[in-house]
Amino acid sequence: MKFRVQLVIEGDNEKPDVVEEIGLFERGQLRAEDLGLTLAEAKGLLRSLQQAVVTEQTAEFAEQQTRCPSCGARRPRKGQHDVVFRTAFGKLNLQSPRYYCCSCTPANVKSVSPLADLLTERTAPELVYLESKFAGLMSYGLTVGILSEVLPLGAAISTTGVRRHVQTIADRIEGELGEEQFSFINTCQLDLDKLPEPGPPLTVGLDGGFVHARDEKHRQAGSFEIIVGKSVVEGGGAKCLAFVNREDAKPKRRLFEVMKAQGLQANQQLTFLSDGGETVRDLQMYLSPESEHWLDWFHITMRLTVMGQYVKGLATDLASVVKTPVQADGDEPDETIIDAADVAHRLERLKWNLWHGNVRRALQIIDLLEEDLDIDGAPFENGRKLHKAIQEFGHYIAVNRAFIPNYGDRYRHGEAISTAFVESAVNQVVSKRMVKQQQMRWTQQGAHLLLQIRTQALNGDLRGTFCRWYPGMKRDSGTQDANAAAA
Ligand SMILES: [Zn+2]
């Protein structure tokens, strides 16, 4: 069986229809692998179709351009040159005619190339969209590989090109972000009362993660902090955001815009949960009049768990001391010696008090523990570690004391107490592309820009952004533009 694929270019009253040959393929005895189109045939057909359509479109455009746009007089042609235009269906060489400028309007140039002037970007927005989306989620090499495998790209795509496009798109997205403000609250109670009923409560979790840095001057690998946030509407979708802490001049605006995109209005209930780090403590302030701010319970328990490990270590340290001759003689143990079980018990009470939001009591327990460990813990390695940890924990609790609620109460009422829901976003945003690929070291600026593409892709917003820039692009690309951050 033979199949012939033709393209019919419809004519009008003056021009007849034109039929063009697009492809031909044959089939013999039916087998699963050649039922329907093979990938190679599909790519070949798309490529030929693209070439035929584009040739026709540019020919019509060139025809229109033969006349001066101002007076309609015919412009003499001054030859032509090739314009390379990269599309999702192949790299095309377009003939771009050059015309002498008409004398009706004074001009600085003698001739123009309308097609070359129209296609300044030289890459179809649709292809740039695909490159950006995939490069936001995987390496440049994989992006080139996967797109070339499914699309008739030929030489239309390269890692260098993808890198350049991603940079351009990220710059453009960044350029659209409004000015930073100290406060985003600009409503008074009177205005608040006039607002319509707000949407369901919004919960925002903020957390930090580290990636390897590329220090080009010293070739020393350090690391830098990435802040990741996830904003969840009760019973609705989620959006994430991310930025490189030391690179971002507008973190507050960035967070504000994410919440605004979720429909946040000034009278809406808003809960922030954060790890208590300095950056995120400031970031969440003055964004909404109805916001509350809590320290993440998960980060408290992590620190307590580490201290619990030191107590276990301390018990081992102490056990080796007990076997000294003094003990063997039956003397009373030295009363200044520390009791690991007692320390463990005090840590438990500390946790219990924090769980119930009793910060005053928690700080007292910390103070006493710190005092005891300072002297009694000093002879033991784990005692010294524990002393240092409890000291740091005391500082952590003290600076975050305004953000410590009664976790027990919140928990019983089904309210969020932890940023655990941000963990998946942190993993998506930071780990896969940036941490696990050890061979890839990032500059802070490069990482920051890539994060902007990545979060747009994860939030399912990248397509919408392109459609806004290029209104001719269709919103539905036929791909699953699901809100991955909600998963
Ligand atoms: Zn003219």
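Quantities reported herein were computed from a predicted structural model and do not represent experimental measurements. As the structure lists them, so they are numbered: ligands from 1, and atoms in each ligand from 1.
- Remark: R303 is positioned above the aromatic ring of Y396, its terminal NZ or CZ atom under 6.0 angstrom from the ring centre and at most 45 degrees off the axis.
- A cation-pi contact, defined as under 6.0 Å to the ring centre and within 45° of the axis, links R463 to Y129.
- In this structure, W294 has its ring center no closer than 6.0 Å to that of F403.
- Listing protein N, O or S atoms at distances below 2.8 Å from the Zn ion (ligand 1), with waters left out, gives C68 SG, C71 SG, C102 SG, C104 SG.
- Residues satisfying the ring pair (Phe, Tyr, Trp, His ring centres under 6.0 Å) criterion with F85, sequence neighbours excluded, are absent altogether.
- With hydrogens and angles left out, the side-chain atoms of Q456 and T465 include a donor and acceptor closer than 3.5 Å.
- Ring geometry for F184 versus F256: interplanar angle under 30°, hence parallel rather than tilted (30 to 60°).
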